Amino acid sequence: MKIATFNINGIKARLPRLIEWLEETQPDVACLQELKTSDETFPEADIRAAGYGAIWHGQKGFNGVAILARGTDPVERRRGLPDDPDPAHSRYLEADVNGITIASIYLPNGNPVPGPKFDYKLAWMEQLRLHAAGLFASERPVVLAGDYNVIPTDHKDDVFSPTAMAADALTKPESRAAFRRIVHQGWTDALRARHPAGQLYTFWDYQAGAWPRDAGFRIDHLLLSPLAADRLVDAGVDKDYRGREKASDHAPTWITLK
DNA sequence: ATGCCGAACTTCGTTCGA
């Protein structure tokens, strides 16, 4: 079973790229972020024609998350976090697919630092931590997939330049500590578990030639509960999709479970 | 210190992203 997460940066602008990726890589589940479209304008028919059932939590202009399942309909469990600091933001969707609980997460960016957006990021992460604790305690196979907007370490395999990113909300100690507080509940960072060493960038900025000079970093993560981690077979980043025409600034990131 | 690039609405500039 292949489960992927993909920040598509606008599902309307990216629809041909999305369908192409679904057809070429055939994920069983695809968690999408940054739909940038309202519930009413989600391209359900195109997704269904590609062979996927879908649920989505849209928002006009920005944010927005979805869960797609090949040949079946995800069974929705929750939209939005409990006690979401700003329920107007569509950033969390949770469903069951084939016995696995799967969340599609679009964690706030948090820039500039300091400021209200950074405060919002940390508040949101605290609510995610509380909700994740409940999921963990359920002892189900759970996959928390999405764009966490946190670069876990300063290692060159996680970030092209710690110096260039030092003032950014993605690397601030408070962001990393909040991420660790979740992971240390007992979750497995699937990409790093499968590849303890080696570059695993998932994002390259559109600006300043970041893609051609490979100036990327790792912010898209799949966290696995113990019952999911026990089934982990492989994990990777579909890096070549970042180099295609009209690409998202993120690359699809995936795991396979037995 | 700032903009770079790209998408979408607030629509020929502004806001947001990371």
Side-chain angles (χ1 to χ4, degrees), chain A residues 5-19 21 31-43 46 56-66 85-86 88-92 104-122 124-125 128 146-156 158-176 178-179 199-221 237 239 241-253:
Chain A
T5 181
F6 188 10
N7 179 321
I8 54 172
N9 188 21
I11 197 167
K12 281 186 283 188
R14 215 71 61 203
L15 192 56
R17 283 287 87 87
L18 172 63
I19 300 300
W21 169 69
C31 298
L32 307 180
Q33 299 87 33
E34 279 208 85
L35 304 177
K36 294 187 176 181
T37 200
S38 62
D39 281 339
E40 296 74 23
T41 50
F42 182 86
D46 298 276
W56 57 94
H57 184 24
Q59 183 179 348
K60 188 177 179 181
F62 63 114
N63 299 329
V65 287
D86 186 349
H89 287 221
S90 297
R91 297 183 176 275
Y92 188 90
S104 181
I105 293 168
Y106 179 46
L107 207 145
N109 170 299
N111 282 305
V113 182
K117 291 188 176 182
F118 189 56
D119 296 341
Y120 171 58
K121 175 179 194 155
L122 298 178
W124 203 91
M125 293 184 82
L128 177 62
D147 176 0
Y148 281 73
N149 272 317
V150 176
I151 302 169
T153 77
D154 271 349
H155 196 281
K156 64 176 173 54
D158 277 354
V159 58
F160 72 102
S161 167
T163 308
M165 298 297 292
D168 198 287
L170 279 58
T171 68
K172 296 303 285 183
E174 298 93 328
S175 305
R176 285 176 167 165
F179 182 68
Q199 190 206 91
L200 289 172
Y201 299 165
T202 67
F203 172 91
W204 296 258
D205 204 307
Y206 289 122
Q207 302 182 65
W211 169 249
R213 63 193 177 93
D214 200 22
F217 40 80
R218 184 168 82 97
I219 52 175
D220 298 275
H221 308 301
V237 181
K239 185 174 177 179
Y241 284 86
R242 178 60 182 85
R244 299 197 183 188
E245 283 295 310
K246 296 286 286 181
S248 169
D249 40 7
H250 293 249
T253 305

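For clarity, every value in this text was computed on a predicted model and none was experimentally measured. In the text below, chain A, chain B and the rest are named by the order of the sequence lines, each starting its count at 1.
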Rounding to an integer number of angstrom, what distance separates B:dT2 and B:dG6 when you compare their P atoms? 23 Å
With a 6.0 Å cut-off on the ring centroids, do A:Tyr148 and A:Phe179 count as close? yes
Taking the P atom in each of B:dT11 and B:dT15, what is the distance between them to the nearest angstrom? 11 Å
Between the protein and nucleotides 16-18 of chain B, which nitrogen or oxygen pairs are less than 3.5 angstrom apart?
| unit_1 | atom_1 | unit_2 | atom_2 | d |
| --- | --- | --- | --- | --- |
| B:dG17 | O3' | A:Glu34 | OE2 | 3.4 |
| B:dG17 | O3' | A:Tyr106 | OH | 3.3 |
| B:dA18 | OP1 | A:Asn7 | ND2 | 3.4 |
| B:dA18 | OP1 | A:Glu34 | OE2 | 2.6 |
| B:dA18 | OP1 | A:Tyr106 | OH | 3.3 |
| B:dA18 | OP1 | A:Asp147 | OD2 | 3.3 |
| B:dA18 | OP2 | A:Tyr106 | OH | 2.7 |
| B:dA18 | OP2 | A:Asn149 | ND2 | 3.0 |
| B:dA18 | N9 | A:Asn109 | ND2 | 3.1 |
| B:dA18 | N7 | A:Asn109 | ND2 | 3.0 |

For A:Lys36, the side chain to side chain contact (heavy atoms under 4.5 Å, CB included) test, sequence neighbours excluded, returns A:Asn9, A:Glu34
Checking A:Thr41 side chain against A:Asp39 main chain: does a donor-acceptor pair fall under 3.5 Å? no
B:dT10 to B:dC16 separation - C1' atoms, rounded to the nearest Å: 12 Å
A:Ser248: side chain to side chain donor-acceptor pair (under 3.5 Å) partners, not counting sequence neighbours: none
Using atom C1' in both nucleotides, what's the gap between B:dG3 and B:dG17 to the nearest angstrom? 15 Å
Just the rounded figure in Å: distance from P of B:dA7 to CD1 of A:Ile8. 12 Å
Quick check: does any side chain N or O of A:Thr171 sit under 3.5 Å from a backbone N or O of A:Met165, one acting as donor and the other as acceptor? yes
Of all residues at least two apart in sequence or in a different chain, which pass the side chain to side chain contact (heavy atoms under 4.5 Å, CB included) check with A:Pro85? A:Tyr120, A:Ala123, A:Trp124, A:Gln127
For DNA chain B, list all stems, counting runs of three or more consecutive pairs where every pair is Watson-Crick or G-U wobble with both distances under 3.5 Å. B:5-9 with B:13-17
With a 4.0 Å limit, can you tell me whether A:Lys246 has a side-chain N or O closer than that to the phosphate oxygens OP1/OP2 of B:dG6? no
Whether A:Arg91 and A:Asp147 form a salt bridge (side-chain N of Lys/Arg under 4.0 Å from carboxylate O of Asp/Glu) is what I want to check. no
Please report the distance separating the P of B:dA7 from the corresponding atom of B:dA18, rounded so that it comes out in whole Å. 14 Å
Quick one: label A:Ala208 by what it contacts on the DNA or RNA (base, sugar-phosphate, nothing), any heavy atom closer than 4.0 Å. base
Where at least one partner belongs to residues 8-19 of chain A, residue pairs that pass salt bridge (Lys or Arg N to Asp or Glu O under 4.0 Å), sequence neighbours excluded: A:Arg17-A:Glu20
Evaluate the criterion side-chain hydrogen bond (donor to acceptor under 3.5 Å, both in side chains) for residue pair A:Gln59 and A:Ser38; output intermediate values, then yes/no. CA-CA 4 Å; A:Gln59 183 179 348; A:Ser38 62; over 6 Å; no
Taking atom P of B:dT11 as reference, at what distance in whole Å does atom NZ of A:Lys60 sit? 11 Å
